[in-house]
Peer 1: 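Provided herewith is a single structure, encoded as structure tokens, for subsequent inquiry.
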Amino acid sequence: MDVRWLAVKLINFLIVLVIVTFIVAAIFAGPLTDRQKQAIRQEMQQLVVGQLRQPGGQQYKEYIINQYVKYLKENNLPINNETLEQEALRWWIDKLTMEEIHNRGLDKPWYVVASRYTKMMLTFQPVNSSATLETRGFFWYKQGDKNAYHIILERVPFSVLLFTTSSALTLLIAIPLALYAARRPGGLLDNTIVSWSVFSVSMPWWWLAMVFIYFFTQKYHIFPKVTENIDPHDIGNLLSKAALPVITVTVLSVGDTAYRMRNILLDVFNEDFVMVARAKGLPETVVLRKHVLRAAAPPIVTIVLFAIVLSVFAGAIITELIFEWPGLGKLYWDAITANDVAVLTVLTYVTTLLYLVTRLILDILYTLLDPRIKRA
Amino acid sequence: MSTVLEVDNLRTYFFTLRGVVRAVDGVSLRLNRGETLGIVGESGCGKSTLAWSLMKLVPPPGRIVSGTIKIDGIDITKMSEAEVRRKIRWRKISMIFQGAMNALNPVYKVGDQIIEPLMYHMGMEREQALSKAEQLVEAVGLPPEILERYPHELSGGQKQRIVIAMAIAMEPDIIIADEPTTALDVVVQAQILNLMKRLHREKNISIILITHDLGVVTELSEKIAVMYAGKIVEFGSAEEIFEKPLHPYTQALIRAVPRLKGDIHKLEYIPGTPPDLRKPPQGCRFHPRCPKRFEPCDKEDPPLQEVEKNHWVACWLHVKR
Amino acid sequence: MFDNFKSNMRIVLRTWSGKIGIALLLIQVILALYAVAAYYPDGMKLYEQGKQSYYPFRYPSTVPPCWVVSDKFPTETLTLESLKENYQVMDTIPEDLKIVAPDVYDLLNTQFTPILQMGMYKIAYVSYDGTINLTSQALPSDVRLLLTLRVPSDLQANGTVIVSSGWMYIERPDGLIAKIFYAGQLYSQGQQNITNIIPIYGSVTKQVVDGNVTYQALPETLYNYKNSRWIGTTMDDTLKTLYSDLGLPVRNETRFDPRVIFATSENGTMVGLPGTYKVHVAMYAIVLSDFADKLQDSIGIEHYELKLMGNCYGFFGTDVYSRPIGLGLLLGLPYAFLLGFTVTFISTFIGAIYGTLAGYWKDIKGEILMRIADVMLSLPFLPILIAISYAFGTITLKSLAIIMIALSWAGPVIVVRSMALQISEQLYIEAAKAVGVPTRKIVFKHIFPQIYPYTMAIAVLAIPGIIVAEASLALLGFGDPAAPTWGKMLQLAYNVKAVTTGWWWMYIFPGLALVIFSATFLLIGRAIEPIVAPKLQR
């Protein structure tokens with residue numbers, strides 16, 4: 001492979017990554033900063049209260065009151081002796097908070113703050129959960145870790161298991177279906193594929209997930225009940241829990257995947273070189289495998305695989321939630337319900353990063369598959 | 001001279017949702033070894049379908065309905081698909097395709113595509129097949145390095161030569177050339193035709209040339225069959241057809257070709273359009289456009305009769321009663 | 001252009017997908033227009049806001065569609081109009097409460113009487129004796145007491161608190177006596193009449209007096225509503241005993257099921273006990289106000305009724321707020337049209353013009369435009385949408401549309417650009433440039449008109465994605481609080497765990513509506529696409 005071509009691709013990828021990360025940072029800059037300001041205030045409050053309790057606290061209190069009185073006099077404000085002490089303390093904590101906010105640069109314009117967050121994300125600086133979320137002790141992480149990256153990373157294998165399995169199954173099922181349908185356009189199977197693709201694209205994936213759960217775990221007890229108690233070390237348990245989600249996602253993505261493939265294959269089947277291959281006396285299986293599928297591979301990679309990736313990013317988030325499947329999508333829900341900005345921010349960043357990387361890989365794959373694209 | 005191809009009363013229909021398209025409707029042909037036959041006709045007259053039928057490769061929803069196709073005396077319509085594939089295709093009969101641009105698979109190197117039948121049919125090793133392929137591309141006047149190239153890196157003429165090299169790879173008895181020179185510029189057209197002439201001479205291969213271009217046919221063919229609406233309306237040697245065309249359609253077709261030599265007359269065209277092959281007109285299929293139609297034309301189909309030695313025509317004007 | 005449209009339409013109608021799509025579209029347009037004409041804006045507002053009071057009076061709660069119920073119980077009202085004049089304004093706690101809920105009676109007496117004597121409370125009280133006839137084994141889904149109070153005009157301005165309660169004393173045909181306590185709370189917010197449904201709360205106690213088994217509600221419900229918390233959801237042992245006494249399988253449900261009042265068992269399943277039920281119903285309303293003593297007669301019970309709610313409703317059933325699902329489907333339709341069309345057509349239009357310019361400018365300008373579009377295409381749609389919704393907090397449908405447009409306009413840019421590239425290489429464009437036709441004119445007069453039919457197909461095909469995205473956001477709780485969308489119906493179903501409780505009609509129908517709506521545009525789009533698709537060279 002051409003090294004220069006790859007370098008250009010990678011540089012382009014990095015530039016896009018920086019911009020996209022900045023956009024994510026800008027979206028969350030407001031809520032993140034608010035949350036930090038709240039945290040600073042709490043910190044200051046604890047600090048002041050702690051100091052007041054220590055020996056010499058009385059002097060400290062008097063100092064604060066004196067400062068407050070001085071401030072009131074300077075600004076010609078009335079002094080209310082009844083509530084003076086409380087007011088003084090609040091004023092003092094506010095003052096310390098403002099100073100700390102200024103010191104940490106949180107009062108800068110949004111783009112400065114967003115740039116700082118961008119840098120933090122790009123360098124994967126550890127961020128702690130801003131609410132109650134913590135690791136759940138899956139795999140190599142101990143329970144109770146508050147690092148947002150760890151919280152996210154321990155969920156990744158679940159999503160990967162669910163969506164790579166169903167994507168692989170989808171391709172495995174869709175390719176023969178599409179081949180068959182493309183050879184008999186307008187036939188029963190072809191019409192079924194076309195109709196099913198219409199329905200599967202029209203419906204929210206998680207809605208069918210709800211329907212399937214009702215049918216297969218409530219009405220007919222074919223699959224185990226959907227609960228969140230998943231033990232990744234118990235393979236049997238894990239797989240039995242994964243069965244219904246995998247089936248649902250596969251059933252959903254197979255329709256559209258087969259439809260898109262069929263369209264591509266239909267074009268390829270009409271190409272002269274397929275007839276040539278047949279005329280050469282090659283057996284039909286060789287014609288299909290060597291000529292049709294291979295020639296259809298580049299568009300299949302771009303259009304079909306990309307569609308699967310897109311649908312995973314769109315459909316997965318909530319499908320996991322419905323199945324109580326503890327992957328990245330479920331974490332979205334957990335972070336939203338826990339109002340955990342830090343985790344949500346990092347999660348959005350990681351999702352976007354994964355999305356970009358997938359796009360890059362598909363792009364490279366496409367270029368490798370199609371000799372017509374010049375690698376320059 | 002031995003007969004290498006004998007087609008008898010061949011009918012190939014397409015069974016579409018909107019009716020049966022009678023693309024080839026009762027065609028009979030005879031081709032001797034080493035002979036070249038040109039099949040001419042307007043587009044949509046069933047020429048290409050005839051070509052596909054000869055390889056037993058009619059694309060669905062079409063299929064051969066009746067008739068026989070004998071290659072070296074063996075009727076391929078009776079053979080199983082696997083047998084045709086192993087014994088006939090590319091071994092006995094190969095094809096140069098209409099629009100050679102798309103006849104090569106864009107994702108494979110040219111060499112791989114030439115050696116494919118060699119490896120599959122003759123069981124050659126890759127190395128062996130490649131050296132054979134080198135000879136083949138040299139035979140069509142291309143350097144052997146071209147085998148390492150992808151189709152999109154070649155010019156139109158080069159691609160057409162590759163397609164020809166591919167067609168002669170197995171040294172078949174018959175090559176069907178379906179519009180081999182359309183979409184090429186004139187100079188390249190001439191080169192390709194010369195190449196085909198040379199190969200024909202050297203290898204003694206029968207060529208069936210399918211084209212709408214009368215000029216190309218005269219270059220290459222000894223015999224000519226004129227097709228109209230799924231039927232052969234006139235059949236004879238090239239000189240006969242050109243000098244003494246008998247069927248009004250052939251006459252009109254020849255008048256529609258511009259000439260450099262001879263009288264400068266106004267270029268003529270054939271009024272009307274070719275018939276819808278789902279509902280061909282009754283009687284002679286040309287009668288609605290025929291300037292010389294008379295009594296029996298719209299009633300009954302004229303039979304293909306030998307009016308002179310080796311000159312057959314299907315027209316009521318020439319029917320001997 | 002119109003001829004073009006007509007001939008295109010004819011081609012679309014020739015395909016089966018086009019036929020079905022256009023038919024579905026027409027039906028939905030008519031339904032949407034009807035929904036707007038009949039329900040905009042009051043009906044739609046009512047649908048969102050009236051779930052606590054308007055709908056529960058009229059429809060049973062969480063009942064399935066009637067076509068799945070073999071033994072139907074029609075909603076039956078016992079309007080007790082004759083007692084309208086019969087109410088009394090009292091200064092003391094009604095005595096018959098003592099029988100039904102002695103604990104409540106004691107509590108009210110000890111805690112409320114002092115305040116009552118200060119004149120800050122008035123009690124309006126009414127009672128009724130009568131019979132209910134059940135003719136078949138069909139069971140009502142609920143037994144509700146409805147109460148409409150007339151609020152004195154001088155109280156209307158100050159948010160007067162009105163506490164209302166009721167009780168029922170039912171003697172069943174089999175001799176069992178059930179005593180049921182109801183509790184409710186009303187706030188007058190300036191209305192002249194307030195109507196309240198008094199729901200049943202609480203568990204039931206069992207008493208055996210002289211061989212008669214009686215069941216009665218526990219008074220703890222009152223403690224609960226004092227904390228303004230509606231609890232009464234503890235399934236305690238007494239309730240379990242009630243079930244087993246009636247021969248019903250003891251379920252682990254935590255909600256008191258009012259059906260047991262009329263139930264008996266047949267082979268372990270709950271069926272109605274036909275016959276005549278003697279009922280004693282009593283209701284009171286306590287009005288809290290500083291000058292309640294000056295209001296002698298003006299507080300009054302306007303109307304009250306006892307309602308046995310049906311066990312099914314219509315073709316689609318009802319949700320937990322008693323709202324008919326069918327109405328929700330109808331009201332969601334205009335919103336689906338509005339959001340789907342606005343977002344896709346505006347964003348595709350922007351993308352089409354942008355892509356045309358990017359294709360027309362072959363210099364650095366075009367390159368910059370493509371870089372920007374590339375960045376936009378690198379944003380995963382739903383995660384970013386969730387992020388923005390989260391940052392905004394609650395989001396209205398209008399701002400949601402704007403955000404969606406901002407995120408999706410780049411979709412058609414790449415295809416449009418390659419089309420524009422090809423078109424702008426045509427001779428007539430070169431000629432136009434050569435004679436000095438301004439860029440704006442070339443782009444809008446020559447290039448764009450050739451591109452826009454195709455982009456319209458793109459827009460139509462994008463509608464499902466937008467609708468599904470809205471539903472997904474709504475499910476996560478980011479729906480517009482004021483707009484009754486299908487996504488919010490699904491959210492409600494998810495929130496009340498309709499999947500595990502078996503209330504399938506709450507999510508099957510909204511989901512189906514969404515699927516049909518989306519499929520309509522997919523079918524039409526796929527029928528249009530081949531007609532308007534440009535013949536792009538490979």
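Computed from heavy atoms alone, side chains included, the values below leave out hydrogens, waters and symmetry copies. In what follows, every chain begins at residue 1, and chains take the letters A, B, ... in the order their sequences are listed.
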Peer 1: Most heavy-atom pairs under 4.5 angstrom with chain B, which of A:R278, A:R184, A:H291?
Peer 2: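 Top option by heavy-atom pairs under 4.5 Å: A:H291.
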Peer 1: Looking only at atom types and distance, does a side-chain atom of A:D256 sit under 3.5 Å from a main-chain N or O of A:V201, one as donor and one as acceptor?
Peer 2: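 No: the side chain of A:D256 does not pair with the backbone of A:V201.
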Peer 1: Between A:T170 and A:S253, does any side-chain donor sit less than 3.5 Å from a side-chain acceptor?
Peer 2: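 Looking only at side-chain atoms, A:S253 and A:T170 do form a donor-acceptor pair, the distance falling under 3.5 Å.
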Peer 1: Check the pair B:L29, B:L50 against side-chain contact (heavy atoms from CB on, under 4.5 Å), reporting the backbone distance first and the verdict last.
Peer 2: CA-CA 11 Å; B:L29 276 178; B:L50 176 60; 4.2 Å; yes
Peer 1: Does the distance from a Lys or Arg side-chain N to an Asp or Glu carboxylate O, for B:R85 and A:E284, drop under 4.0 Å?
Peer 2: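 Salt bridge absent between B:R85 and A:E284.
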Peer 1: With sequence neighbours left out, which residue pairs that include part of residues 128-143 of chain B fulfil the salt bridge (Lys or Arg N to Asp or Glu O under 4.0 Å) condition?
Peer 2: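 Output for this query lists B:K132-B:E171.
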Peer 1: Could you tell me whether B:R63 sits above the aromatic face of B:Y13, with NZ or CZ closer than 6.0 angstrom to the six-membered ring centre and within 45 degrees of the axis?
Peer 2: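 The answer is no; the distance or angle limit is not met.
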Peer 1: What residues of residues 111-121 of chain B sit under 4.5 Å from chain A when only non-hydrogen atoms are counted?
Peer 2: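 Answer by number: B:Q113, B:E116, B:P117, B:Y120, B:H121.
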Peer 1: I'd like to know whether A:F163 forms a ring-ring contact (aromatic ring centres under 6.0 Å, His included) with A:F158, so could you lay out the CA-CA distance, the side-chain angles of the two residues, the decisive distance to 0.1 Å, and finally the verdict.
Peer 2: CA-CA 9 Å; A:F163 290 100; A:F158 287 101; over 10 Å; no
Peer 1: Tell me which of these, B:P106, B:A167, B:S94, has more heavy-atom pairs under 4.5 Å with chain A than the rest.
Peer 2: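 Among the listed options, the one with the most contacts to chain A is B:P106.
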Peer 1: Need one label for B:M166: side chain, backbone, both or neither, based on atoms under 4.5 Å from any heavy atom in chain A.
Peer 2: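 Just the side chain, heavy atoms under 4.5 Å.
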